Amino acid sequence: MDLHILDHRLRVTSICKDGLVNFTHSLIKLMFLRNRTRCKFFSLTETPDNYTVVLDEEGFKELPSSEHLQVEGATWLPLNVVSNGNASSSSQAVGVTKIAKSVIAPLAEQHVSVFMLSTYQTDFILVREKDLPVVIHTLEEEFKIYREEEGEPIPVHSKDMQNGFHKNGKEAVKLTVHPVLSPQNQFCVMSLDPDTLPAIATTLIDVLFYSNSSVKDEAPPTQGLDCIKFFSFSLIDGYISIVMDTETQRRFPTNLLFTSSSGELWRMVRIGGQPLGFDECGIVAQISQPLAEADISAYYISTFSFDHALVPEEDIGSVIAMLQQQRLEVVS
Amino acid sequence: MSGSKPDILWSPHHVDRYVICDSELSLYRIESVGNSEAKAGALRLSEETTATLLAINSDTPYMKCVAWYPKHEPECLLAVGQANGRIVLTSLGQSHNSKCKDLMGKEFVPKHARQCNTLAWNPVDSNWLAAGLDKHRADFSVLIWDISSKFTPDASVTTDKIRLSAGDTDAGLVVTKPLYELGQNDACLSLCWLPRDQKLLLAGMHRNLAIFDLRNTSQKMFVNTKAIQGVTVDPHFHDRVASFFEGQVAIWDLRKFEKPVLTLTEQPKPLTKVAWCPTRTGLLATLTRDSNIIRLYDMQHTPTPIGDETEPTIIERNVQPCENHIASFAWHPSSQNRMVVVTPNRSMTDFTVFERISLAWSSTGSLMWACGRHLYECTEERNASSVEKDISTKMRQRAQSRYGHDTEQVWRNYLLAGGDDPQLKSLWYTLYFMKRYTEDLEQKPLVNKLPLVYSGIKNIVKSSSGTVESWCCWNGSDRQADVIRYHSDERCLALQLCGWIKRGPEIDVEPFLQSLEAEREWERAAAVALFNLDIRRSIQILNKGASAEKGDLNLNVVAMALSGYTDEKNSLWREMCSSLRLQLNNPHLCVMFAFLTSEPGSYDGVLYESSMAVRDRVAFACMFLSDSQLPRYIEKLASEMKEAGNLEGILLTGLTKDGVDLMESYVDRTGDVQTASFCMLKGSPGEVVKDSRVQCWIENYRNLLDAWRFWHKRAEFDIHRSKLDPSSKPLAQVFVSCNFCGKSISYSCSAMPHQGRGFSQYGVSGSPTKSKVTSCPGCRKPLPRCALCLMNMGTPVSSCPGAGKSDEKVDLSKDKKLAQLNNWFTWCHNCRHGGHTGHMLSWFRDHTECPVSACTCKCMQLDTTGNLVPLDTV
């Protein structure tokens, strides 16, 4: 297995719901006008609390500074696991589950905070740039590590990174097991030929920027709700990935969006009762490890406040039960 | 595609069909103009060809890539890869025959939808269609479909949560189960099957090139690289692959897959298509975005396999098939170097890349050139005389006639050169006279004048001293002539060099006159006689000339005129002669009257008569010019000669630095390095031969002989050269040393001849007179055996034609030789086997492999010149 450190330097930002109007111009440019911007990594996730925007430094320059914009201080680097085809694991499960044991758990042990971003195409593990020496040191036994520069993968070893290497604090952090909740709506993960993006542009704009108006008519969402407002759009290295619920999907033309031929649907597990912050470690691990043990596929999308896992709808019951069980074990 | 840029595909089997695909598929037929002159709707592609639209297929939306079925039947079956990853089989312009109908409209659907980037039919097992798809986190990106498979909803598939709508699966038209799935969690951007094996597939994946082996799908060979687009195998060299990334093309050798064997110069705009020419080896065409130029890389001269250290040479060329930007191009599958290009607005051009011309000019002057598959030989239409006249032809003939090698009768070299060049004649006579004079001196103790004679008359007259002036009388009369004659040793020497007088102290031109008469040079003889103040002899010669066979009767008239000579200043004779002489055609006759009518001491009419031989003019000057006039005249004449590169001037300059200057302008004018080499070698072995120009001529002449394969002549020349210039003698280049004691065998033989007695003990024949070195003279161990006759080396070769009687004959002259070349050691530097040279040569006349059994070394082929035969004879 290879681990690629991709050639993007990312910022994680949040736009509050009311402030979205200030960013309309730049967001539309980043989403639809690929040739007008040098941004190669862009992800926008709408949650009931805010909009999380993850983008590279070129894209970050496009965002106007505003009181409505919250920026996480660090620069994040995306990691990507490449299986090289010859690792023929018996597991049918994919996504976070596959890398739970090899990446997520070791990093959690080393107290490296990770920010996960799953797309239709792959899973990105974002780590802080300052944690990179620890990451390389931790993972180099399991992986051949390459750093992509100008598109060429260059092998890296921890001895090259020795300066600046310091182990993260070892003091025993009390493991918090966060509450989870599972909204009722079904989600689908889809992709799109970038050439046909203009064809769905108006629908996308409508969904992203005018969603609040329509929601207002309905009953305001409450905590522990039946349905959650969740929509994610990413455009990374030319690949588009969209996560939305089936309600929203109906608004798009049927023949343009790609998904699996089996038409599988996903249910969400939202992690955290209070905003999670960025410093706590092991959150992804505590979700992904049980999933890995049960061999259940999952998508995992971190946002500014909460983490979201998507699991196959037929497995949601067992997943919730498993997580509740885990919580009880820790508490007791 | 997908409505933007059209692509073009040639039919693999119908050389007149191609398909343009953009938002729809259009089938065209290409024809030559003559066949379709009147046809409506034919599009003009070039001056000779037109295209007719046969069919349009717009059944398949969102096309991303198209591949044409590689087999003859069904004829026009196309696989179309769509934006959602589905592959549809479709056809164009076909009457729906049964085989095709089954396949038409068949769809192959990947588990997770994403763009299909590339398609490739397996060229051998044509049921196999490989598709390269974009990345999906849970799916494979290379799917190999079997187009003959039917959709069977078996138990295993249903558990995979297939939720296809019922309508899709009707009539077995949708296939969801690929034959092979490769490249999990990766993207595939380009694909091609490797001709090495039908189960090898080369794929350009995200950031790496991978070779999948379908016999063992868990294994793959891969190399990390950016250049992953447009992988394509050289149809003429199956291990060579091209791929590209942005503006750069990488060429790979699959046997050495770790890195590209070369990367071509980067182009400023991103590439859109790269294709090997199917009709010519090593020609790669590349196209960049928004360009009207196709750049060709000719790897024709790349040694295959491509070397590790040597950077292969590649010739880059640009061709511009049309004015507009080119969207795509396709090589014609069989017509040489032909392609059709298509522009974004679908206008098409039929275009043939003109082949580079390579030219070869042989050392014997024949000219050939190759263009494409044609070889042209240049033959001269005009009469062959211009070739004959060419200096290279002349030099070649002269080399064959051993020109330059007559070191005794030096003047004969002029005859060997063909005997028709007055300058060469003058040159070789000059050298002959110089040599003769030197020999005279050698007999006498006067050695100190040796360099002087070779330094030319210019230097001889400079050193002139003790000149005696005398008023001369006409020969045979007491009448005092009106001329002063000058005498000195130096002038006498000069006259000898001019050939007017023989060696010896007395000045007697009679032998010279007789030799001129013998050569029927009547006018010249008459002139020389006159200049020696012998009118009577002069008249006699002219009479003789007139009465000789085919003689010119006019000579009698001249004789008559001559006989009327009077020294009276204002006579009618003088007046008429001085004006009418100019109408005489023969320069010698002309100068005779000029001499008679001139004032004493001013003989410009004679001295500057350029059509008279230089030696005669110089001899004349030596007789009649004063010490002050003579050096000036000689100096002036010498510089004229130098300017003109006239070899007659060597008489004046001698073989000095001046002479080299003169020879330089002669070589510049004629290119005759042969004469220059031979002439300068005669010079004193000190300064002249060391002159870099002289060395250059000599080396060029040697190269010329080598190029003509006149190897014996060249060796002969080297021997000749080393005799005259001992410093040029090459050092011994080959030593044979004993395997046991390491001492040189040849060295011991020549150094210790008394050991010859020892050899006979080991010799095969008992004859002690012929020394046979069958053992090392140092340690007495036997020498290796000849692989063919199995005798120890050192024995004479039995079949050697030189053996026997003739052998004994040459023994006298070549007594220093130990043995004939046929007896000499020969061995292959590669396999180390060998034997007698004669045996080896005759073996390799009929064989290519080493004579030693079980040795497969192709010894003779390793020697690039081994199979060439000399064109000259010993």
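In this text, all values refer to a predicted model and were calculated from it rather than measured experimentally. Residue numbers begin at 1 in each chain, while the letters A, B, ... track the order of the sequences. Side chains are part of it too, since the values below use all heavy atoms of this structure and drop only hydrogens, waters and symmetry mates.
- For Thr122(A), the parts lying near chain B are the backbone and the side chain together; criterion is any non-hydrogen pair under 4.5 Å.
- With a threshold of 4.5 angstrom between heavy atoms, Ser241(A) does not approach chain B through any atom at all.
- A side-chain donor-acceptor contact under 3.5 Å links Asp134(B) and Tyr239(A).
- Taking every heavy atom of both residues into account, Val175(B) and Lys106(B) meet most closely at CG2-CE, 3.9 Å.
- Thr60(B) and Gln82(B) form no side-chain donor-acceptor contact under 3.5 Å, judged by distance and modelled atom types alone.
- Residues passing the side chain to side chain donor-acceptor pair (under 3.5 Å) test with Arg346(B), sequence neighbours excluded: Asp22(B), Ser26(B).
- With a 4.5 Å cut-off on non-hydrogen atoms, Leu256(A) touches chain B through its side chain but not through its backbone.
- Of the two parts of Pro110(B), only the backbone, made up of N, CA, C and O, holds a non-hydrogen atom closer than 4.5 Å to a non-hydrogen atom of chain A.
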